[in-house]
Enquirer: 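After the structure tokens below, expect a handful of questions from me.
Please read all numbers here as calculations on a predicted model, not as lab measurements.
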Amino acid sequence: MAGTVEVDVWAAELELVLGRVAGLFGRVDLRWRMRDYVRGLLGPVTRKNGWQLAEYAGHRTPEGFYQRRTSPEHEIPLEY
């Protein structure tokens with residue numbers, strides 16, 4: 001039972017962190033992609049490649065992850 005509580009605490013903390021950086025993303029869909037990407041990186045995915053992360057997040061392809069990370073029009077300013 002302690003493991004379940006610990007997972008719930010981590011999930012709540014992750015949501016707080018994601019909420020803090022959400023304003024850096026101008027569109028809601030980009031926030032969701034960022035959230036899915038981070039959850040995949042922190043989740044039980046054995047290989048942290050685009051296909052595996054997309055599959056874990058429930059996406060059909062990893063294109064959204066790649067496009068959001070590499071396209072200059074979606075760059076995030078590093079000012080806080």
Enquirer: Got a sec, which pairs hit side chain to side chain donor-acceptor pair (under 3.5 Å) with one end in residues 38-52, sequence neighbours left out?
Expert: Glu15-Arg39
Enquirer: Taking ILVMFWY side chains as joined if any heavy atoms are under 4.5 angstrom apart, and letting links pass through other members, which residues group with Val17?
Expert: none
Enquirer: On a heavy-atom basis, which atom in Pro62 and which in Gly50 lie closest, and how many Å separate them?
Expert: CB-O, 3.2 Å
Enquirer: Do Leu14 and Arg35 come close enough that some side-chain heavy atom pair is under 4.5 Å?
Expert: no
Enquirer: Looking only at non-hydrogen atoms, find the nearest pair between Gly40 and Tyr56 and report the distance.
Expert: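 Minimum heavy-atom contact is CA-CD2, 3.7 Å.
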Enquirer: Who are the side chain to side chain contact (heavy atoms under 4.5 Å, CB included) partners of Val28, not counting sequence neighbours?
Expert: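 Expected list: Arg31, Trp32.
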Enquirer: For Glu55, which residues count as a salt bridge (Lys or Arg N to Asp or Glu O under 4.0 Å) partner, sequence neighbours excluded?
Expert: none
Enquirer: Find the distance between CG (Leu24) and CG (Leu30) and round it off to the nearest 0.5 Å.
Expert: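 If I round to the nearest 0.5 Å, the distance is 11.5 Å.
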Enquirer: How about Met34 and Val38: do any of their side-chain heavy atoms sit closer than 4.5 Å?
Expert: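 Of all side-chain heavy-atom pairs linking Val38 with Met34, at least one is under 4.5 Å.
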Enquirer: Within this structure, what is the CG-CZ distance for the pair Leu16 and Arg20, rounded to the nearest 0.5 Å?
Expert: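 Between Leu16 CG and Arg20 CZ, I get 9.0 Å after rounding to 0.5 Å.
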